[in-house]
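Written below as structure tokens is the structure these notes are about.
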Amino acid sequence: MAKYIFITGGVISSLGKGIASASIGRLLEEAGLKVTLQKLDPYINVDPGTMSPYQHGEVYVTDDGAETDLDLGHYERFTSARMTRANNFTTGQVYDAVIKKERKGDYLGRTVQVVPHIIDEIKGRIRKLVELDPNLDVVIGEVGGTVGDIEGLPFLEAIRQFRLDLGWQDVLYIHLTYVPYIRAAEEIKTKPTQHSVGTLRQIGIQPDILLCRTERDLSDDVKRKIALFCNVDPKAVIQAKDVDSVYKVPLLLAQEGLGDLIIQKLALTARKHQGTPLGEVIERMEHPKGTVKMAVVGKYIEHQDAYKSIYEAIIHAGFHNSVRVEVTKVDAEKIEKDGPGLYLKDVSGILVPGGFGTRGIEGKISAIQYAREHRIPFFGICLGMQCSVIEFARHVCGFDKANSTEFEPETPHPVICLLSEQQNVKNLGGTMRLGASPCELKPGSKVYEIYGRHRVMERHRHRYELNNGFREIFEKNGLKVTGLSPDGVLAELIELEGHPWFVACQYHPEFQSKPDRAHPLFASFIQAVVEHQGREKGSKVMTNDK
Ligand code: GLN
């Protein structure tokens, strides 16, 4: 029977609850246990698919096409658990399900209430993961938000009842808290932690383990004080000190004895771990052979979480190539104002990520033109691929007004459009293509060589496609479609002939990159960046006539 660990957060947000949960998953996996993770989100949106990346960061897409919280990205990067739509749910989904049942008459005329109906729906969704995979040893549930939030109460009540339903030894509560150092007093303060644990206890949850996020080492005295006032075992006061890389968190927590403590408290039996220990990856990370510089040109540049998986995939590709990658984040709108040279002259690689809407598009197109003409390695992802097709159509094929119908519905050269528009079907489309689907690679192409396979599965989140009416003309001019959906209809990958590294994909490879298994496209791109930086940069400008 699976055991459950619930992780709550206290004092303030942004303490890294997602990373802490994922790290605990990793620790247990390295003890040979089969784990999965789930994010319980108290907000009312049904899913984050419609939320602004400024507010919510990246929308993480699972294999089965769910648009989920970015913490699921951490879970997949840190563990081998595969996320599905069952691994993330929100208050919105819970109420939606309960109200639908009420409308169908499932409650037989009873009054429908938060307790028990909403709570039971939450508990059912937590139990679902074990129904889907009976071989799980541990389910780790991360409760979003901070203890004390009004909207989080039903979730806390549900996890409180879980221990009564299952038994004391089968459920563990871990609380992530903040222990600040007050410079003026030159002291570490435990009071916020005491208050936050106090609030949890009022709800009926006594945490078993406290993870104390701190800038400074916590002395034994401080740990004893926290243990005393929060009513936990002194051994269960675990320090979570700030680190320079999230991938070090599992190692630090292991050193603090967290893995063994959980195993002991839940009476689990550790087994032999298959796979690379994270320590080996860190070893490579700590000794890079050098630093390379690249740029990410996007719209949500100021928000550090908006392209989370992209930045992580770049870091993994750096580990793979034993280099540190310095990423300059360039706002596409600035390129529109000042031109690309100012921002891109010192970089050895340019990546344009996905996105929606018109803002910044022309800046992205200029950046891609700069990469193509200066023979700088270029990697386009989703919208980045679509912009590279527009750029090529305009500046190489001579279709001056080429555009995507997303940005210019009346363009005379709709090189990117909806599939329904290509097939002259009205009122179709408008729905997003979401989740994993197969892509077949053209033998002899660069991407075939990179993946070393004929067929790959990659995740999508987009509506628009390359217009097949232009495929022949693109191919003639040197833009090759080298990956296609198995029916040959959807262009999944393009690459530019005669350029050192110019590859773009319609899907999102960043969702499948891991610290110990960099995604092949990212690994190859960073290798090209390393090579470019090693060569005399920009000595020969590629012209439009190839
Ligand atoms: N806006 C584009 C589309 O819907 C690209 C989407 C993306 O980059 N995720 O097709």
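Atoms considered below: every heavy atom in the structure, side chains included; atoms not considered: hydrogens, waters and symmetry mates. Note that ligands are numbered from 1 as they come in the structure, with each ligand's atoms numbered from 1 the same way.
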Does an N or O anywhere in Phe356 fall below 3.5 Å from an N or O of ligand 1? no

Any non-hydrogen side-chain atom of Ile526 less than 4.5 Å from a side-chain atom of His320? no

Residues Asn87 and Thr36: side-chain donor-acceptor under 3.5 angstrom: yes

Starting from atom 9 (N) of ligand 1, what is the nearest protein heavy atom, named by residue and atom, and what distance separates them? Arg461 O, 2.8 Å

For the pair Arg463 and Glu406, find out whether any cationic side-chain nitrogen is under 4.0 Å from an anionic carboxylate oxygen. no

Does Gln386 approach ligand 1 within less than 4.0 angstrom via side chain, backbone, both or neither, non-hydrogen atoms only? side chain

Please list, in number order, the atoms of ligand 1 under 4.0 Å from a heavy atom of Glu406. 1 (N), 2 (C), 3 (C)

Test salt bridge (Lys or Arg N to Asp or Glu O under 4.0 Å) on Asp516 and Arg26; report intermediate values, then the result. CA-CA 12 Å; Asp516 44 358; Arg26 180 73 187 211; 3.6 Å; yes

For His519, the option from His316, Glu510, Glu458 that meets side chain to side chain donor-acceptor pair (under 3.5 Å): Glu458

Does Glu492 reach the side chain of Val456, with side-chain heavy atoms less than 4.5 Å apart? no

Under 4.0 Å from a heavy atom of Arg463: give me the atoms of ligand 1 that qualify, with their elements. 3 (C), 4 (O), 10 (O)

Just jot down the ligand 1 atoms closer than 4.0 angstrom to any heavy atom of Gly354, in number order. 8 (O)

Give me the residue, atom name and distance of the protein heavy atom closest to atom 10 (O) of ligand 1. Tyr464 N, 2.8 Å

Should Gln506 be counted as touching ligand 1, given the test is an N or O pair under 3.5 Å? no

Look at atom 5 (C) of ligand 1 and say which protein heavy atom is nearest, naming residue and atom and giving the distance to 0.1 Å. Gly355 O, 3.3 Å

Look at the aromatic rings of Tyr247 and Phe319 and report parallel, tilted or perpendicular, splitting at 30° and 60°. perpendicular

Under 4.0 Å from one or more heavy atoms of Cys382, ligand 1 contributes atoms 5 (C), 6 (C), 7 (C), 8 (O), 9 (N)

In terms of atom number and element, which parts of ligand 1 are under 4.0 angstrom from non-hydrogen atoms of His508? 9 (N)

Can a side-chain donor-acceptor contact be found between Glu151 and Thr91 if the only test is distance below 3.5 angstrom? no

